[in-house]
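Everything below concerns the one structure shown next.
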Amino acid sequence: MENQAHSSDQSTKGGWLFFIAGFIGSLILGWVIFPMALYSSQPQPMNFNHALHMNPDKVDGIEGDTETEKCLFCHQLRDDGTFAGIPRLEKCMECHDDPESPLGSTPEEKDFLTRYVAEEKEIPWLSYYRQPDCVYFPHIAHVKMGKVDCRTCHGDHGKLEDLPAYRANRLTGYSIKIWGERISGLKFNTWDRMKMDDCAECHTKKGHEENNACFVCHK
Amino acid sequence: MTPFSFEWQWNIDYLLFMGLLYLALTIVGCGVGFALLKTVLQLFGFMRERHF
Amino acid sequence: MDSPTHSYGVKRCSPGVFFLWTLPWLGILAWGGLSAVLCLWKGLNQTNMSNVFAFALWIVFDLAVIALGAGAFFTGFLTYIVGKKELKDIINAAVIIGFICYSGAMAMLGIDIGQPLRGWFIFWHANVHSMLVEVSFCITCYLMVLTIEFIPIILENRTLQKVRELRLFGHNLHEIMAVFAATGTFLSFFHQGSLGGMFGVMYARPFAARGGFYIWPWTFFLFVLSAIAAGPLFTILCTKLTEFITRKKLVPDQAVQSLAKISAWLLSLYLVFKFIDTLGWANSLVPKAGLRFMDFYREGPYGFWMVVAELGICGILPAVILMIPKVRQQQGWLIFAGLLTCAGIVLNRFVFIIVTLAIPVMPFDRFWSYLPTWQEWGVGLAVVGYGFLLFSAAYRYLPVFPKEPELNPAAD
Amino acid sequence: MELNRRNFIKFLVGGVAGIHVTPLPWKLTDDSAIWTQNWPWVPVPPEGAFATESTVCTLCPGGCGIEVRKVDERTVKIEGRTDYPVNPGGPCPVGMGGLQLLCNEDIRFTRPMKRVGPRGSGDFKDITWDEAMEALRGRLAGLREQGRPEALVAIDGSPRGSTQALLLERLLMSMGSSNYTRIPSAEDTFWMAGILMQGNEGPMAFDLENADFILSFGSGLLEGWGAPGRVLNAWGMWRGEQKGKTRIVQVDSRASNTASKADRWVAVKPGTEAALALGLAHVLVTKNLYDRAFVRDHAFGFEPWESSDGKRRAGFKALLLEKYAPSKVSRMTGVPAAEIERLATDFARARAPLALCGKGKGDLNGSLYETMAVLALNALVGGINRRGGVLVHDKLPLDPFAAVEADAIASAGLRKGRLDGAGSATFPFAQSLVNRLPELVLKSRSTPVDTVLVLAANPLYTLPGSGAYRRMFEKVPFIVSFSPYRDETAMMADLILPDHVFLEKLQDVVWPSGLQYPLVGLSRPVIEPLYRTRHAGDVLIGLAKGLGEGVADNFPWENFEEALKERFKGIAEGAPGLTSFDGSTPPWETMASGGDIRADYESLDDLWEKMQSGGLWFRPAHAYGVRNGLFKTPTGRFEFFSTQIELALEEQSQHGGTDEVLARMGVSARGDEACMPHFEEASSGGDPAHYPLILVPYEMINLASGWIPSPPFLFKTIFDNQLLKQDSFVELNPETAAKLNLRQGQRVMVESPAGRIQARVSLFEGAAPGAAYLPLGLGHTAYDEFLKDKGANPNEIIEPARDPLSGLPAWWNTRVRLRRI
Amino acid sequence: MEKGPDHGKHRYGMVIDLDKCTGCGTCAVACAAENNVSVRQDESDKERSISWMQIFKITNGKPYPDTEVSYFPRPCMHCEEDGHGHHTSPCVTVCVATATKLDPNSGIVSQIYTRCIGCRYCQAACPYKARYFNWWDAYFPKGKGLDRYLTPEVSPRMRGVVEKCTFCHHRLMRAKTRAYAEDRREIEEDEYITACTEACPAQAITFGDLNNPKHRVSRLAKSPNAFRLLERLNTKPKVYYLSTKDWVRKLADNYLPDEFKPLS
């Protein structure tokens with residue numbers, strides 16, 4: 001401490017380098033390392049080729065005039081208006097009814113028939129788009145009454161050949177699709193993010209501001 | 001809450017209330033910023049240091 | 001004993017004695033820390049708060065502490081805006097006491113809410129019609145201001161002064177202190193008021209509800225007045241306590257008397273308004289709700305004596321004492337009146353919080369009572385311990401009382 | 001440029017400044033808030049497809065129709081049914097909270113178990129069903145080998161006439177034991193009174209909804225009496241659409257819910273309801289307000305007559321005139337004479353007056369003479385088999401199964417008769433007297449009881465004087481419990497064969513108590529059993545089969561369902577009924593149509609199938625006004641003077657004078673009076689000088705008081721002056737409390753000669769002076785944290801006397817004192 | 001622009017007939033079962049237990065044998081005004097984080113548990129004590145199986161937040177969803193009733209749209225026997241009570257001596 005009187009002047013200029021080093025270091029930490037650490041990644045129990053199933057040349061039996069209707073063929077609305085979500089095995093078996101004879105020749109199908117159909121075991125799918133428990137989201141109000149395309153919220157999921165890994169926020173348990181893939185929070189497509197503000201934005205845009213009342217979407 | 005939030009309402013209550021909050025924050029921020037800037041300028045010799 | 005960490009020209013006790021002095025306060029802090037951890041970890045079931053007593057000891061402490069901390073903004077206002085130069089000798093102490101009170105209150109509020117991690121929702125999802133939002137906004141901003149006001153005092157520490165960056169920054173901040181003082185005055189005025197407004201707008205609680213001006217019920221203004229009346233007195237009490245403990249004279253009488261005189265007038269003004277308010281309320285809102293004034297003082301331990309104690313013993317009496325210059329100038333009477341006033345304001349806040357909640361509104365409901373748990377006392381008293389600790393440290397290391405060297409010339 | 005302290009601080013300052021322009025602090029702030037919104041320890045109920053299934057609640061004998069809302073395979077809510085005639089709306093709070101009895105592993109046995117610790121310790125070991133069945137089979141087979149099958153005793157709480165009850169009794173009979181005992185309920189008292197005065201075995205059927213003046217003698221209409229869903233619904237109707245048309249008068253010693261909500265509350269001294277009924281009858285007679293045509297044409301024993309031996313008999317009228325003048329009754333009951341006269345007049349002048357009885361909920365038996373007195377009152381106003389009166393029915397045509405064919409061992413065992421003496425000379429009208437078991441077991445050195453089977457009952461908790469049962473169970477060598485719950489009795493058992501609970505179990509609900517038309521509900525399982533439990537009916541059939549030919553032959557069914565279906569043969573072949581109810585017109589409105597109903601089923605199979613979906617068979621028809629050939633008494637008339645009692649007394653008088661016989665029966669009246677409804681002063685062991693207060697246990701609709709535990713939800717509806725932490729409250733009139741120097745909330749010991757329990761004082765103006773009221777349904781010593789050690793069970797200090805004539809426990813006259821602690 | 005209380009599209013409300021009410025508590029149990037209300041080991045701690053539909057027992061205070069008891073079942077009143085003329089309820093004005101709001105389209109006062117920060121100001125402001133704080137985490141001990149009866153229609157609460165009766169708004173959502181499935185946008189009177197209404201065995205509770213003159217509630221609410229709790233505080237509750245008994249009516253509000261006007 002004895003040479004403090006002049007050390008302050010000396011270190012001023014060199015010291016700024018330390019400041020900048022700290023600054024840049026934290027930028028790397030915050031923008032690169034943090035997002036990697038925050039999200040877990042988990043593969044789906046098996047692959048499902050949406051593109052294949054939606055292709056009338058390859059798979060028939062999935063009926064519907066519009067894209068939405070085709071989606072709804074498997075991702076059904078029940079009679080009471082509730083949404084069944086990811087189909088149960090039962091639904092798959094409407095076509096893949098025989099564990100012995102595959103309809104196609106993909107390895108996934110074989111996997112599916114041997115591991116699940118034959119064993120009568122439900123596939124433990126991981127849902128990319130599940131909202132947290134506090135949210136009540138009626139698909140019927142949007143898809144049927146609001147005529148919203150599946151794509152609006154789910155993007156081109158139906159065109160995927162491979163199911164991407166399920167990534168969840170380690171802290172909140174949210175699927176990455178809810179908060180948004182981009183750590184910056186920037187949003188370019190309607191399906192990039194599914195937080196409350198995004199729901200509200202759409203309601204407002206479509207002139208349904210009354211649907212921004214709390215109890216419309218919360219339970 | 002910012003005017004970009006969907007909960008924001010364009011009425012006098014919000015304008016006045018949030019406006020005053022942002023005003024206070026701005027004044028405080030500017031004050032501190034001013035002192036910081038002045039310090040940095042003085043440190044690098046762009047401004048003269050006043051002695052007490 | 002001189003040390004490089006102390007200010008020039010003052011004498012301080014040895015580190016060992018200082019350490020011993022801090023021990024009881026550290027003990028209280030540890031108790032509070034344990035309580036706080038329990039409350040955060042296990043939840044508010046650690047307290048005796050309930051659906052009846054949604055607000056309890058902590059809120060009483062909060063409101064009391066914030067009212068007593070009003071000395072900071074009001075002295076700042078008088079010093080920097082009104083230009084009462086003699087108060088420069090006490091402003092540092094006032095700022096530090098204010099800082100202690102506000103930061104302590106904020107910390108306590110952080111534990112008091114059920115979901116502390118969601119605390120920022122108040123700002124992000126603010127309901128601008130809620131008085132508590134007004135309180136939160138202003139307290140938070142004002143705490144920032146207080147911190148900024150505190151920083152130059154910290155930077156005046158002898159050791160820190162040697163660092164050029166800090167020294168310059170401290171000076172630069174100090175130069176524009178009037179801006180902060182003005183902002184602080186504005187913010188503080190509104191939140192002291194809205195703290196009162198919080199209760200006045202509970203229109204469905206006839207005991208607390210009040211009519212008012214624009215969006216502010218009368219309690220808004222009463223709380224402001226009572227806080228600026230009692231706050232400076234609390235600052236005086238704190239400096240007197242420091243003087244007593246250190247056996248030194250630290251603040252010139254002129255500053256103290258100047259503050260006390262202003263307090264006296266404000267307290268009297270407050271009492272006039274408070275009586276008008278009480279009479280008005282008892283004759284309009286109360287009968288409109290189907291009740292009589294005395295209905296509120298019938299059940300439980302909260303009888304009419306509370307009114308006598310709050311407005312008479314802790315209101316009129318100190319006002320009279322302080323209004324008479326000759327009496328006020330006697331240190332004993334000044335301290336006595338200061339203590340009464342501060343007790344009165346605490347009692348006032350207690351009545352608005354606990355008594356309001358204890359009195360049933362539905363005729364078939366019953367009167368409930370409440371006793372805090374040790375965890376609640378722990379967190380509440382931790383603020384006291386924290387205050388003593390921080391003020392002692394400030395006194396030891398910072399030039400809190402600029403006139404100290406002058407009033408206590410070195411013996412050697 | 002070295003890394004000294006100052007530079008390191010600069011590095012840190014740079015870092016802190018930098019981090020704020022990255023998402024990290026902001027996202028962490030957001031995420032930590034979101035974390036609190038999704039705390040991993042807060043349950044997230046799984047989504048799924050919603051469905052509802054309807055069934056019938058079997059938590060009490062009321063048998064409400066319920067609908068269970070399901071999410072996939074989970075049951076999430078119980079709701080009332082509108083397509084079930086008993087309760088066109090919600091059930092009672094116990095039924096509403098029923099799911100908590102299903103999904104609680106701490107109160108249920110999830111698999112068969114065997115006792116390993118000392119009795120009552122609750123230490124059990126898991127065993128397999130095979131082991132469990134074999135253990136019991138071996139025990140029973142052993143009894144038969146030793147030639148003492150009569151040492152097998154059953155204590156059954158299943159509803160009277162239910163298939164499960166029949167199977168258990170059948171098993172005992174086939175084994176060679178006639179010691180099948182039942183938990184006594186109001187139904188037993190009704191049955192006896194019905195036999196004695198009407199000669200009819202059908203259940204007591206009250207045409208409540210069609211009555212316009214309801215005089216209830218202590219029946220807790222709002223406390224769960226009869227079928228609560230039905231009665232509460234009727235109540236809503238009386239206070240709604242029928243406002244002012246139906247008047248309700250409650251005779252009660254306490255301002256109970258029923259008393260308060262009734263149009264008039266007649267406050268009587270506890271236990272003197274019979275005297276009041278007879279006082280009213282007196283007024284009817286003296287003011288000539290009674291139905292003379294009915295009395296003349298259809299009744300016996302009212303006017304004086306000359307019996308076959310030439311003796312002049314005074315008759316009921318004379319008894320009334322002699323002993324029950326309003327002034328006298330006023331002294332007995334505490335009701336002013338003028339009020340008695342006014343009440344009698346109002347009652348008689350009503351178009352369809354109906355007097356009700358059955359104390360409280362009717363979960364416990366009532367007083368036989370009191371029931372007879374009330375029935376007599378109904379008869380005096382011609383209210384027997386009249387619209388809005390007491391309807392006389394035959395038993396349900398459910399098939400009773402073929403008679404048991406007893407093999408040699410069984411025949412020998414059956415010849416030894418019943419241990420409890422029910423049906424014997426002393427207790428000629430009782431079918432079973434479970435309350436006599438403790439003395440029988442405890443008085444002899446070697447107990448005559450070897451094995452006890454407990455089914456759907458918790459005698460250690462629900463029976464008055466429960467301490468005696470505990471001592472009995474300590475002595476009995478082997479106890480088997482079928483209880484699905486870890487109740488007090490099961491804790492004493494050596495072997496647990498857990499039954500399903502109601503939503504998992506197929507059961508018949510035979511004639512909800514008090515209902516005015518025949519109805520059988522079918523309680524169908526709405527979910528697969530959650531645990532490794534087994535239907536008690538199936539276990540009984542399995543056991544019988546395992547016991548070999550002599551026993552197995554009486555059980556030709558594969559399983560319970562088959563046996564149940566066989567019983568419906570009687571229904572399918574009997575009088576026509578309906579299997580569905582559309583909810584539009586309540587049955588009590590259409591009943592007057594007489595027998596004109598077309599069955600909506602064709603055969604047993606058709607009926608069975610329809611019952612599977614609707615869960616119901618009923619016959620909303622009644623031949624109102626028909627009295628000829630109605631009464632099956634020896635005189636063929638409604639007997640104010642019971643010739644059957646007379647006959648029983650005569651038969652016995654060979655073994656001593658009638659007085660001696662009456663004394664043995666516990667009847668204090670002598671001569672002809674004993675054959676007629678009369679008021680018997682409550683006898684109690686306690687000396688009024690030492691025990692100044694009379695203990696009145698009362699029931700609440702928001703607490704289960706039978707063998708079923710209370711769902712924890714119910715405790716939300718219990719006030720904190722009824723239960724506070726571990727204390728229940730004894731209600732006292734403020735005057736009484738003042739005399740005893742007791743304050744609100746004070747802890748006291750309630751002491752009777754039989755024991756003592758702790759409680760707190762609750763001052764209630766509506767409590768009769770001189771009485772202490774304690775709620776039934778609290779004070780469990782078993783189950784889980786939600787039920788255990790909450791409040792006190794008054795049964796523990798009740799000193800049950802014997803109800804005169806019936807021999808059932810008289811639990812309403814224990815004397816107590818309060819001691820401050 | 002604020003809409004007047006009658007100008008919202010729907011204004012769901014409730015009428016409870018106290019003459020019919022038997023105090024049995026089925027409504028409270030049904031409510032707890034329907035709404036995943038947490039049950040604690042000690043529910044006798046009434047200051048901290050949760051019962052959205054709470055039953056208050058009242059007596060006329062007369063000596064034996066003129067004593068009478070009656071009951072006030074008390075759900076959330078879903079107030080329309082804060083007592084000061086603002087079209088918002090006393091709790092809504094004070095809520096700091098907009099966790100509770102008065103929905104102008106249904107009249108229901110919503111409560112969002114994930115938004116609530118647990119400051120409890122709303123509890124202090126509510127004179128009906130209709131708001132409950134979660135002093136503990138929902139009690140579902142491990143391995144007991146009790147969480148198996150939870151319905152997914154109502155989100156279970158975490159500790160540290162306030163909850164209250166929501167008029168079973170999820171049933172409104174259920175009814176709407178079903179209506180959508182049947183190509184309808186509007187729902188009928190009986191399609192949306194609360195769990196307590198449905199459960200009441202004495203049919204003492206009626207529920208419906210006070211704005212719809214065809215609904216039974218709007219007729220009953222105008223009955224001369226109708227009154228509301230603490231009506232003088234001007235909170236404009238949407239829960240009405242019916243009673244013909246003056247002593248019951250008198251206990252619904254505070255009255256200065258000689259102020260109460262008996263019906264009879």
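These values consider heavy atoms only, across backbone and side chains, with no hydrogens, waters or symmetry-generated copies. Labels below follow one simple rule: chain letters A, B, ... track the order of the sequence lines, proteins then strands, and each chain is numbered from 1. Computed from a predicted model, the values in this text were never measured in an experiment.
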Of the listed residues ([options]), which shares the most heavy-atom pairs with chain E below a 4.5 Å separation?
| options | answer |
| --- | --- |
| D/Glu47, D/Glu79, D/Glu223 | D/Glu79 |
| D/Asn104, D/Val266, D/Asn38, D/Leu102 | D/Asn104 |
| D/Cys92, D/Gly97, D/Ala262 | D/Cys92 |
| D/Gly80, D/Gly89, D/Gly766 | D/Gly766 |
| D/Ala768, D/Pro88, D/Ala259 | D/Ala768 |
| D/Asn702, D/Asp106, D/Val44, D/Leu99 | D/Asp106 |

Engaged part of [X] at the chain D interface, taking heavy atoms whose separation is under 4.5 Å:
| X | result |
| --- | --- |
| E/Gln203 | side chain |
| E/Thr151 | both |
| E/Ser38 | backbone |
| E/Asn36 | side chain |

Which heavy atom in [X] sits nearest to a heavy atom in [Y], and how many Å separate them?
| X | Y | answer |
| --- | --- | --- |
| D/Thr717 | E/Gly25 | CG2-O, 3.7 Å |
| E/Val37 | D/Phe713 | O-CE2, 3.6 Å |
| D/Lys77 | E/Ala30 | CE-O, 3.6 Å |
| D/Phe719 | E/Ile55 | CE2-O, 3.0 Å |
| D/Pro93 | E/Val29 | O-CG1, 3.7 Å |
| D/Gly90 | E/Pro201 | O-CB, 3.4 Å |

Chain E contact via [X] - which portion, at a heavy-atom distance below 4.5 Å:
| X | answer |
| --- | --- |
| D/Lys243 | side chain |
| D/Val68 | neither |
| D/Glu241 | side chain |
| D/Asn733 | side chain |
| D/Pro711 | neither |
| D/Leu724 | both |
| D/Thr36 | backbone |
| D/Leu530 | side chain |
| D/Ala33 | neither |

Is any side-chain heavy atom of [Y] closer than 4.5 Å to one of [X]?
| X | Y | answer |
| --- | --- | --- |
| D/Lys716 | E/Arg40 | no |
| E/Met158 | D/Trp41 | no |
| E/Tyr71 | D/Asn257 | yes |
| E/Asp42 | D/Lys725 | yes |
| E/Leu150 | D/Pro43 | yes |
| E/Tyr64 | D/Pro769 | yes |
| E/Ser155 | D/Gln37 | no |
| E/Pro156 | D/Val42 | yes |

**Message:** Below 30° counts as parallel, above 60° as perpendicular, anything between as tilted: where do the rings of E/Tyr139 and D/Phe786 land?
**Reply:**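 Plane angle over 60°, so perpendicular.
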
**Asked** Judged by atom type as modelled, is there a donor-acceptor pair below 3.5 Å linking the side chain of E/Arg148 to the main-chain atoms of D/Cys103?
**Response** no

**Message:** Checking the side chain of E/Thr67 only, and the main-chain atoms of D/Ala255 only, is there a donor and an acceptor separated by less than 3.5 Å?
**Reply:** no

Measuring from [X]:[atom1] to [Y]:[atom2], what's the distance to the nearest 0.5 Å?
| X | Y | atom1 | atom2 | result |
| --- | --- | --- | --- | --- |
| D/Ile701 | E/Thr26 | CD1 | OG1 | 6.0 Å |
| E/Tyr149 | D/Thr75 | OH | OG1 | 11.0 Å |
| D/Gln722 | E/Ser44 | CD | OG | 11.5 Å |

Does [X] [atom1] have over 12 foreign heavy atoms under 6.0 Å away?
| X | atom1 | answer |
| --- | --- | --- |
| E/Glu182 | CD | yes |
| D/Glu735 | CD | no |
| E/Lys101 | NZ | no |
| D/Gln242 | CD | yes |

**Asked** Residues of residues 161-168 of chain E under 4.5 Å from chain D (heavy atom pairs)?
**Response** none

**Request:** Select all residues of residues 17-24 of chain E having any heavy atom within less than 4.5 Å of some heavy atom of chain D, and report them by number, or 'none'.
**Result:** E/Asp17, E/Leu18, E/Asp19, E/Lys20, E/Cys21, E/Thr22, E/Gly23, E/Cys24

Quick check on the interface: out of [options], who has the most heavy-atom pairs with chain D under 4.5 Å?
| options | answer |
| --- | --- |
| E/Lys62, E/Glu153, E/Gln54 | E/Glu153 |
| E/Met53, E/Arg157, E/Arg159, E/Lys245 | E/Arg159 |
| E/Ala202, E/Ala199, E/Pro152 | E/Pro152 |
| E/Cys200, E/Ser70, E/Ala138, E/Ala28 | E/Ser70 |

**Request:** Using a strict cut-off of less than 4.0 Å between a Lys/Arg side-chain nitrogen and an Asp/Glu carboxylate oxygen, indicate whether D/Arg69 and E/Glu198 qualify as a salt bridge.
**Result:** no

**Asked** Does D/Lys790 come within less than 4.0 Å of E/Glu43, counting only side-chain N to carboxylate O?
**Response**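 Salt bridge absent between D/Lys790 and E/Glu43.
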
**Verdict with reasoning, E/Lys144 to D/Asp784, per side chain to side chain contact (heavy atoms under 4.5 Å, CB included)** = CA-CA 10 Å; E/Lys144 223 169 132 97; D/Asp784 66 348; 2.6 Å; yes

**Request:** Tell me whether the guanidinium CZ or amine NZ of E/Lys46 lies under 6.0 angstrom from the six-membered ring centre of D/Phe715 and within 45° of its axis.
**Result:** no

**Prompt:** Should E/Thr59 and D/Phe764 be marked as a side chain to side chain contact (heavy atoms under 4.5 Å, CB included) after you check the CA-CA gap, both sets of side-chain angles, and the distance that decides it?
**Reply:** CA-CA 9 Å; E/Thr59 79; D/Phe764 179 43; 4.3 Å; yes

